[in-house]
Amino acid sequence: MKYIYKTFGKLSLAFYIFTLYQVWHLCQFRGLRSHMPIIILGSVCCAFTFILWIIARTHEMQADQSLTRNKSLFYIELMVFIV
């Protein structure tokens, strides 16, 4: 589960950046028909990996009691990702 936590956090961020790039490209050069499927796919992948990252994080926190002290760090990571 630790491997999933580390991997999906980075993948979620990569999908998020990819989606933002596609939105920027759409706003810059138009072409809704060609960009919208890519934006939707990137958003769905980002949401899926983000949900798996949250599940893995809560599982890690429950498995290891020393991580419960770092709950505030988890919420800070979550807020940074949302912002």
Side-chain angles (χ1 to χ4, degrees):
M1 194 58 90
K2 195 172 192 174
Y3 177 75
I4 292 173
Y5 168 67
K6 288 182 179 182
T7 304
F8 280 106
K10 291 170 181 64
L11 272 177
S12 180
L13 185 60
F15 281 126
Y16 181 69
I17 291 170
F18 174 74
T19 304
L20 285 180
Y21 174 75
Q22 289 299 321
V23 169
W24 171 80
H25 202 269
L26 171 69
C27 292
Q28 203 68 0
F29 304 111
R30 299 185 190 166
L32 184 64
R33 235 180 242 182
S34 63
H35 287 288
M36 197 49 104
I38 297 171
I39 292 171
I40 291 172
L41 181 66
S43 298
V44 168
C45 290
C46 179
F48 179 71
T49 56
F50 184 68
I51 290 170
L52 286 178
W53 177 76
I54 288 177
I55 291 169
R57 174 67 179 187
T58 55
H59 187 270
E60 283 290 318
M61 290 176 70
Q62 290 173 354
D64 190 11
Q65 293 298 331
S66 66
L67 287 176
T68 56
R69 290 181 275 140
N70 294 331
K71 255 188 183 177
S72 60
L73 180 62
F74 169 70
Y75 291 118
I76 291 171
E77 288 176 350
L78 186 63
M79 291 305 294
V80 166
F81 183 78
I82 290 172
V83 170

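Since this is a predicted model, take the numbers as computed values, not measurements.
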Taking all non-hydrogen atoms of both residues, which atom of [X] and which atom of [Y] are closest, and how far apart?
| X | Y | value |
| --- | --- | --- |
| C46 | T49 | O-OG1, 3.1 Å |
| K6 | K10 | O-NZ, 3.5 Å |
| I55 | T58 | O-OG1, 2.9 Å |

- Task: With sequence neighbours left out, write down each residue that passes side-chain contact (heavy atoms from CB on, under 4.5 Å) with T7, or none if nothing qualifies.
- Result: Y3, L11

- Got a sec, which residues hit side-chain contact (heavy atoms from CB on, under 4.5 Å) with L32, two or more places apart in sequence or on another chain? L26, M36

- Does any non-hydrogen side-chain atom of P37 lie less than 4.5 Å from one of L41? no

- Query: Is F48 close to L52 at the side-chain level, that is, under 4.5 Å between some pair of heavy atoms?
  - Reply: yes

When the side chains of residues 13-23 are checked against the rest of the protein, which donor-acceptor pairs come out under 3.5 Å, sequence neighbours left out?
{"from": "T19", "atom 1": "OG1", "to": "F15", "atom 2": "O", "distance (Å)": "2.8"}
{"from": "T19", "atom 1": "OG1", "to": "G42", "atom 2": "O", "distance (Å)": "3.4"}
{"from": "Q22", "atom 1": "OE1", "to": "H35", "atom 2": "ND1", "distance (Å)": "3.1"}

- Please check if W24 and I38 belong to a single hydrophobic cluster, counting links between Ile, Leu, Val, Met, Phe, Trp and Tyr side chain heavy atoms closer than 4.5 Å. no

